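Take a look at the structure below.
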Amino acid sequence: MLPYGQQWLDEEDIQAVIDVLKSDFITQGPKIFEFEQSIANKVNAKYAVAFSNGTAALHGACYAAGVTEGDEVITTPITFAASSNCVLYQGGTPIFSDINLTTYNLDPDVMESKITTRTKAIIAVDFAGQPAEMERFKEIAEKYNLILIQDAAHSLGATYRGMKVGSMADMTMFSFHPVKAITTGEGGVIVTDSEKYYQRLLLFRSHGITKNPELLEGNQGSWYYEMHDLGYNYRMTDMQAALGISQLQRLDQFLARRREIADKYTEAFAGLKGLITPHQTSHSESAWHLYVTRWLSGSFKVDRRTLFDALRNEGIGVQVHYIPVYQHPYYEKLGYTSLCEKAEEFYSTAISLPIYPKMNEVDVSDVIQAVKKVYNQFTNHPSRHE
Ligand SMILES: *Cc1c(COP(=O)(O)O)cnc(C)c1O
């Protein structure tokens, strides 16, 4: 079975980890700061704080933004649960706002209508790697004095109106889970231009404890440190950071390959009526974390589940991204009900095809052939394609 996503580690990546294992520091050593600087440079941000995973990083961003009980944070339901769980961790209330059915990203106009006096922040998600409408979100955030967080777990290396993802929001999160653009096994980062957020993120990552002489209230000796807030141990290890530094050098190559695969799919599926390929806005370059197709219900003799199973039977590890977050039993128990019509329409038709840089030409053509086979088997449309 061809998975929908997978890491690509080479000998240099492995050697980088081994080198750390043989060194003095395996955590809280020099590789963390080096990795943070490399990421910040790559995405045109001033500061970066590495975390044990992307979810912890999002939690840190909500903490740094000051999200607390009574605060509302608006996000999309078409995302991984971590995008809104981070708000719950801080005692805040996630508010789900509907998507645009062309880009599958949060619709800024609908989002603006959800703003109340309690709204504290926006978490915009770059679904599938295509950046959210950041220009509009920035305008809205300024107008209502909101903090703009970008969940860019899918979009490391993407650009928006000539700007790099990571250089636009107040805080931007990247994830280094193995299916993401580059991997550290588990890992995440927040990038920001704000010194204030940077300091808060550092504190939060390490128990709320600081040794920074400029921040200490007292000084009882060179052993001295202070706990200023209730933080967590959300640190990354030096093994992971070394892997990240090595992987980051291959990001451009990875992105180029993802784009190549996406172009091949889009070309191969052009003209298959009822099978919708991802729309790309003219002002952004996606990082192509996912290749999401939609199989419109009126166009097939069977439902999405049958189409999905048929593709799996062909050995294609298709997936569905995502179940609208508020439909999960946990969220239903919190009182969330169906509220985003377009998100639900999207969800009922979506199937993600495998896309990752390590796929070879045979893999790509296997996917294309399987899609065409399943399409031809179940389409309602008379003009069939071979
Ligand atoms: C992967 C992902 C996360 C969480 O990242 P982890 O590193 O797995 O904790 C958050 N949001 C989105 C949209 C993701 O895809």
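The residues of the chain are indexed from 1 along the displayed sequence. Whatever order the structure lists them in is the order used to number ligands and atoms, beginning at 1. These numbers come from a predicted model, not from an experiment.
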Hey, which atoms in ligand 1 end up nearer than 4.0 Å to a heavy atom of Tyr322?
-> 15 (O)
For ligand 1, which atoms sit closer than 4.0 Å to a heavy atom of Thr79?
-> 13 (C)
Does ligand 1 have an atom that lies less than 4.0 angstrom from a heavy atom of [X]?
X      : result
Gly187 : yes
Gly188 : no
Met173 : yes

Option passing salt bridge (charged side-chain N to carboxylate O under 4.0 Å, His left out) with Glu36 (candidates Lys46, Lys42, Arg205) = Arg205
How far is [atom] from its nearest protein heavy atom, and which residue and atom name does that atom have?
atom                    : answer
atom 5 (O) of ligand 1  : Ser175 OG, 3.3 Å
atom 1 (C) of ligand 1  : Lys180 NZ, 1.5 Å
atom 11 (N) of ligand 1 : Asp151 OD2, 2.8 Å
atom 9 (O) of ligand 1  : Thr55 OG1, 2.5 Å

Taking C-beta and beyond as the side chain, do Ile190 and Phe174 meet within less than 4.5 Å on heavy atoms?
-> no
N/O separation below 3.5 Å, Ala82 to ligand 1 | no
